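A quick write-up on the structure given underneath.
Here is the naming used below: chain letters follow the sequence lines, and residue numbers restart at 1 for every chain. Because the structure is a prediction, the values reported are computed rather than measured.
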Amino acid sequence: MPAVSKGDGMRGLAVFISDIRNCKSKEAEIKRINKELANIRSKFKGDKALDGYSKKKYVCKLLFIFLLGHDIDFGHMEAVNLLSSNKYTEKQIGYLFISVLVNSNSELIRLINNAIKNDLSSRNPTFMCLALHCIANVGSREMAEAFAGEIPRILVAGDTMDSVKQSAALCLLRLYKASPDLVLMGEWTSRVVHLLNDQHMGVVTAAISLITCLSQKNPDEFKTCVSLAVSRLSRIVSSASTDLQDYTYYFVPAPWLSCKLLRLLQCYPPPEDGAVKGRLVECLETILNKAQEPPKSKKVQHSNAKNAILFEAISLIIHYDSEPNLLVRACNQLGQFLQHRETNLRYLALESMCTLASSEFSHEAVKTHIETVINALKTERDVSVRQRAADLLYAMCDRSNAKQIVAEMLSYLETADYSIREEMVLKVAILAEKYAVDYSWYVDTILNLIRIAGDYVSEEVWYRVIQIVINRDDVQGYAAKTVFEALQAPACHENMVKVGGYILGEFGNLIAGDPRSSPLVQFNLLHSKFHLCSVPTRALLLSAYIKFINLFPETKATIQEVLRSDSQIRNSDVELQQRAVEYLKLSSIASTDVLATVLEEMPPFPERESSILAKLKKKKGPGVVPVSELEDGKREGGELNGGGERGPDSAMSASNASTPSPSADLLGLRSAAPVSAAPPSAGSLLVDVFSESGAGAPSAAVSDDGFLSSVPPSAASEDLAPPLPEADELLNKFVCKNNGVLFENQLLQIGIKSEYRQNLGRMYLFYGNKTSVQFASFSTTVSCPGELQSQLNVQTKPVEPLVEGGAQVQQVLNIECITDFSEAPLLNIKFRYGGALQNITLKLPVTINKFFQPTEMAATDFFQRWKQLSQPQQEAQKIFKANHGMDTEVLKAKLLGLGTALLENVDPNPENYVCAGVIQTKSQQVGVLLRLEPNAQAQMYRLTLRSSKDTVSKRLCDLLAEQF
Amino acid sequence: MIGGLFIYNHKGEVLISRVYRDDIGRNAVDAFRVNVIHARQQVRSPVTNIARTSFFHVKRSNIWLAAVTKQNVNAAMVFEFLYKMCDVMSAYFGKISEENIKNNFVLIYELLDEILDFGYPQNSETGALKTFITQQGIKGQVRLLLLHKHKYGNTHTKEEQSQITSQVTGQIGWRREGIKYRRNELFLDVLESVNLLMSPQGQVLSAHVSGRVVMKSYLSGMPECKFGMNDKIVIDKAGKGGGTDEAVKSSSGKQSIAIDDCTFHQCVRLSKFDSERSISFIPPDGEYELMRYRTTKDIILPFRVIPLVREVGRTKLEVKVVIKSNFKPSLLAQKIEVRIPTPLNTSGVQVICMKGKAKYKASENAIVWKIKRMAGMKESQISAEIELLPTNDKKKWARPPISMNFEVPFAPSGLKVRYLKVFESKLNYSDHDVIKWVRYIGRSGIYETRC
């Protein structure tokens with residue numbers, strides 16, 4: 001701040017700041033600030049006009065308070081007033097305050113804009129600069145709207161001072177970056193381009209930033225800048241270090257301008273005009289030459305500036321990619337930097353070389369540095385440089401040096417930094433695949449990779465090995481042998497087990513001839529790893545076992561034994577259990593023909609882009625791996641592999657996509673698929689096998705447990721609330737009685753009265769409003785979930801939508817029993833109480849026993865019928881503990897309430913109760929006999945029910961067991 | 001239990017650091033400084049958890065006291081201890097200030113060794129402590145290092161030492177035997193602070209009184225004391241049981257108060273309180289706090305504040321505040337201070353008040369009106385004109401409540417001391433020989449009225 005200059009020092013401000021610095025605590029600071037704010041407020045009150053100096057001082061104080069982190073909500077007006085002052089310092093403080101504090105939606109923006117406009121049109125360059133800086137600092141849309149038209153005029157006007165032009169160019173750049181749609185160059189374009197010819201280097205430097213930014217958006221309009229830039233560049237490059245005076249930096253002429261010019265040229269293709277191009281090439285050569293010259297100074301700034309130009313020139317050369325001579329020279333120049341002392345230089349050299357390697361002209365030249373790069377990978381201390389070295393190795397790799405590079409990278413992997421391991425693994429995998437001449441080498445490499453850096457081998461990598469092995473007949477045997485050998489290591493990575501399991505499962509037969517790798521040995525080897533593996537791997541191994549059964553029938557017994565063991569068939573993991581059960585069944589039921597069909601060798605995978613490459617691309621983001629190189633890789637890969645460039649395996653990726661536990665599955669069975677969903681490739685015979693075994697499979701059990709509250713929501717009302725948790729309990733209350741209170745809470749009471757005759761019933765529901773407020777939009781729905789719809793017919797009329805406070809509403813339900821049923825219909829009640837929607841779902845107490853007709857019969861009749869119903873499924877029996885007292889009268893009342901006839905003197909044991917009844921449904925009548933044997937000592941009951949229909953016995957038994 | 005105790009000055013420099021347990025490392029000292037004292041936002045919670053270590057702090061003027069622990073301790077206990085620690089320190093060397101702490105650090109370490117043992121609080125009774133930590137604190141500006149003749153504490157005779165031991169380890173740790181006074185005297189202070197939040201219309205939104213009974217006893221021997229007050233339960237019980245005229249009168253004439261909860265000094269026999277609700281105890285010698293209590297019903301509000309705020313346009317605010325004293329005309333309230341908050345964009349204030357002095361304090365954004373004395377059943381008013389500076393901020397002024405401070409010579413809860421009897425069977429002085437002084441002081445706590 002120049003405010004400290006003589007006679008202008010704001011003593012008050014200095015005192016205030018030192019006061020605050022001396023505050024001992026935060027509270028004291030806040031007190032001091034409050035005091036100062038009150039003082040400033042009283043000064044700004046406007047009774048008497050303040051002179052410019054005090055205004056400036058107070059605005060400064062406000063600014064300081066704001067920068068301390070306090071809110072300032074006044075003083076803006078005073079700051080705006082300062083703008084119209086003629087004193088530089090006052091104006092400066094005003095602009096400073098506004099740049100820092102005024103937000104774009106302020107009401108004052110109009111006033112500010114006005115002041116800025118005045119300053120812009122003044123002839124005073126300092127004021128103009130201040131105004132331009134303020135515009136750039138605020139950089140809001142409003143500012144852009146107001147001044148986007150003005151500034152280009154200032155920029156290109158002939159009589160504008162150089163310093164103002166500089167500011168104007170940068171200000172325009174800022175506005176353009178903030179709101180590009182508002183800054184329209186149009187007519188100014190050519191004149192702005194001609195600023196490149198300006199006498200003043202500062203103007204050129206500022207203008208070139210603007211031009212670069214603009215030409216990136218619309219290159220065609222600014223095409224003319226190329227030749228101008230080239231001539232400017234050649235003038236700078238050819239000038240002696242003393243020519244440019246102020247713009248020579250440590251003996252380098254205008255380094256920033258040179259860099260910017262070179263960067264601008266990178267926006268355009270090589271110039272078509274021969275003369276221009278010749279001049280440019282000359283320039284570039286000069287730059288390369290100059291880099292070779294001995295340094296003129298030992299200062300680091302000198303070399304930095306020189307190297308900056310050099311690297312920018314090399315980028316341009318790479319960008320043009322048309323001058324083999326220059327490319328090779330650039331490459332050699334970079335080669336010198338590879339062993340430079342400066343870490344940054346080494347990094348930059350490697351990075352530039354990476355792009356050079358992808359150019360066909362310089363590829364060979366880059367390759368000459370392979371030893372240095374490998375050395376860098378091994379000995380470099382900085383991890384980011386090592387990363388670049390790895391990138392470069394990847395980029396310079398081709399058929400001739402693939403083996404060497406892959407070997408080097410593999411050996412480096414063992415010591416590599418953890419952060420780059422995964423990427424390294426991917427690169428090794430890609431290179432090995434792309435440049436593989438013989439596949440045994442490829443298999444060896446990948447297995448080595450898994451061995452060395454198993455944790456970093458992603459799924460895609462080992463999928464890819466398997467794809468290639470399956471698609472290439474000639475390596476299958478070798479792969480099986482190598483894998484078998486690799487598995488013999490005492491500790492091997494899980495990924496190795498996966499690959500091993502898969503390959504041995506498919507091609508184990510190819511090495512089975514050797515007694516050292518006989519089927520049983522193979523199996524035992526795999527199985528020895530089984531318990532150390534995670535669930536998905538175990539699942540894969542199980543699939544490998546079933547494949548073994550097909551490949552080697554002699555292992556069948558052993559494998560079945562394994563599958564049958566509790567740790568498989570009763571495994572807590574559903575996937576493993578299901579596989580074990582299914583494979584066991586499959587192996588024991590299906591004939592060898594069926595087995596052979598089902599467990600056929602996997603078909604070759606369809607061709608697609610390598611999944612690893614896709615992963616690497618995703619990892620690095622687009623643009624890092626140069627496009628040309630990718631195409632190159634594809635082309636080469638295509639011819640080398642002879643169509644072996646296959647995409648990710650469909651089966652595996654499909655199962656990965658659809659199952660939560662990604663596991664490669666030999667059978668292509670989805671883990672989540674139901675048992676009967678056999679693979680489509682298998683014949684119809686197979687489907688039978690599965691459906692039969694499925695019936696016995698425990699996983700296929702139908703979940704049907706009577707009043708389980710997991711009732712599927714009926715289609716009629718989608719937003720049905722789930723039944724209350726106590727709904728079942730409420731329901732049980734009504735098994736033996738027909739009338740009572742079904743439900744009660746603070747708002748609502750529901751009473752029930754019901755009567756049944758034969759297969760018909762009528763139910764009266766009474767809804768009582770317990771509150772004093774009316775219920776609005778009261779509605780009830782009775783629904784029969786699931787199959788109940790066809791078993792029970794419930795008809796009802798809608799109720800009044802309004803229920804007054806304290807009132808009761810009645811609803812009548814007509815019920816018809818069509819056939820026996822086990823679910824209960826749902827009653828859903830919805831209403832608004834005080835704005836809140838209440839949603840209650842209950843189970844209606846309509847149970848099968850309501851349709852009982854009592855039947856009286858003598859003892860002989862009873863026992864005769866009892867014997868007739870002696871088939872096991874006709875009987876349902878339960879032994880349960882008494883929930884209530886074992887009072888005879890209560891029991892009798894309950895049994896009568898059930899609807900049956902209580903038969904006295906039938907059972908020889910007088911303690912026992914015997915009942916008989918017929919359940920009336922529309923379709924049929926079901927006779928039911930009941931026997932209840934209490935054991936008073938043990939407080940237990942034995943309940944036996946026999947009826948002509950098994951579902952009825954079971955349902956009644958379930959219902960009754962809850963009652964006693 | 002408490003793992004360590006640190007004392008910092010306002011800059012966060014450690015003045016005292018005492019670690020009791022190994023789980024507290026040296027870095028805990030810095031953690032508290034960085035995260036609490038030098039925190040960017042002001043830390044308002046008295047308990048801070050940093051890296052699984054809990055810091056409990058209290059602040060006395062510019063001094064931070066922090067107890068540190070890694071365990072799940074009873075926070076209320078820790079704070080009680082910290083407060084007690086402050087009391088003990090001020091009893092030894094007066095005001096807790098950086099200078100005093102620096103001058104007395106040997107004493108403080110000695111005290112810390114005594115009142116905390118492996119992090120467990122021990123006897124923190126000042127009277128008892130003074131019997132065996134006989135170093136005298138260096139008070140205030142007296143920089144002369146008084147080389148006290150008892151500096152190393154070895155001046156007690158063997159007899160005295162054993163007496164101290166038996167007292168400290170005995171049943172009545174707070175009083176030693178053989179105290180003799182020529183005049184048996186006893187001072188009783190009922191100190192209450194009344195808290196209020198009132199709506200502008202005069203509706204009480206919340207009010208409670210928290211009170212303390214502080215006693216200073218200079219009694220000979222081992223006297224047994226019995227303290228009685230107009231606690232509703234006791235009086236109702238007496239009314240039912242005895243049926244004497246006096247009791248009936250007192251219970252019917254609203255003379256009793258309902259105490260919501262109370263806590264006692266350790267000398268009070270709690271079993272007796274629980275069964276008979278009588279407060280009996282053998283008092284410590286010197287000053288101590290006999291009980292603490294809280295009431296919420298039938299509170300006498302000594303002052304009523306009637307605010308009147310009128311906004312005249314955007315640039316002016318008229319405030320009129322009337323205060324009415326609501327107690328016996330014969331009593332005098334003291335140190336009355338009314339604090340009227342002003343908006344943040346106040347640019348000027350004119351105040352007119354009939355009584356006392358009023359001033360706009362810009363540093364606190366408030367008008368402060370002070371009255372030295374005011375008798376009961378009187379009324380006084382202030383009116384202020386506040387000029388505002390128009391701002392471009394649309395935020396409305398939140399109108400914080402008007403707060404008040406005062407001191408009145410009665411207990412706003414209505415508590416009355418009915419009796420304090422002293423029995424000493426061994427020495428021959430009776431209850432009548434004891435000179436007793438009772439004093440009531442009601443102070444304002446947070447006494448606010450919305451406007």
Side-chain angles (χ1 to χ4, degrees), chain A residues 16 19-50 54-55 58-59 61-62 65-81 97-98 101-112, chain B residues 8-13 33 36-44 57 59-64 97-99 313-317 339-351 359-368 384-398 400:
Chain A
F16 173 59
D19 273 2
I20 285 194
R21 298 244 158 99
N22 289 333
C23 280
K24 290 213 163 172
S25 66
K26 199 162 185 170
E27 292 76 35
E29 185 186 310
I30 289 170
K31 274 193 174 173
R32 181 71 186 90
I33 285 170
N34 277 339
K35 199 172 146 196
E36 194 59 45
L37 282 175
N39 175 35
I40 298 172
R41 279 196 301 261
S42 68
K43 288 286 189 317
F44 280 178
K45 203 163 46 182
D47 292 352
K48 48 185 186 290
L50 286 170
S54 12
K55 231 184 249 177
Y58 292 128
V59 167
K61 282 183 181 176
L62 284 180
I65 293 171
F66 177 77
L67 294 178
L68 283 178
H70 298 263
D71 277 341
I72 297 295
D73 52 6
F74 66 97
H76 300 77
M77 202 58 220
E78 281 69 20
V80 173
N81 286 343
F97 185 88
I98 283 160
L101 259 157
V102 172
N103 47 356
S104 54
N105 50 14
S106 161
E107 294 164 2
L108 292 170
I109 208 86
R110 216 165 37 84
L111 284 171
I112 296 167
Chain B
Y8 300 85
N9 67 3
H10 73 279
K11 289 182 201 149
E13 290 161 359
R33 177 180 39 240
V36 180
I37 301 180
H38 291 164
R40 274 174 188 228
Q41 269 90 34
Q42 199 187 346
V43 175
R44 297 181 65 188
H57 75 262
K59 226 184 146 189
R60 284 284 179 274
S61 62
N62 266 336
I63 298 297
W64 299 74
S97 65
E98 185 176 346
E99 196 188 335
R314 277 190 66 196
T315 59
K316 210 166 158 192
L317 200 68
R339 180 176 292 263
I340 305 161
T342 55
L344 291 175
N345 54 346
T346 304
S347 61
V349 177
Q350 269 96 45
V351 207
K359 205 177 162 192
Y360 167 58
K361 284 204 172 164
S363 59
E364 288 152 46
N365 283 319
I367 298 169
V368 180
E385 236 172 63
I386 300 171
E387 281 173 80
L388 304 176
L389 196 73
T391 62
N392 44 357
D393 229 5
K394 301 289 185 297
K395 267 185 284 174
K396 247 194 124 200
W397 182 43

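For chain B, no part of E36(A) is nearby; none of its heavy atoms comes within less than 4.5 Å. In this structure, chain B has heavy atoms under 4.5 Å from both the backbone and the side chain of K24(A).
The shortest distance between side-chain heavy atoms of K55(A) and N81(A) falls below 4.5 Å.
Between chain A and the residues N62(B), L388(B), N365(B), the largest count of heavy-atom pairs under 4.5 Å involves N365(B).
Side-chain N or O atoms of S61(B) include none that pairs as donor or acceptor with a backbone N or O of S97(B) at under 3.5 Å.
A salt bridge links E364(B) to R339(B): one of the charged nitrogens lies within less than 4.0 Å of a carboxylate oxygen.
Remark: aromatic rings of Y8(B) and H57(B) are distant, center separation not under 6.0 Å.
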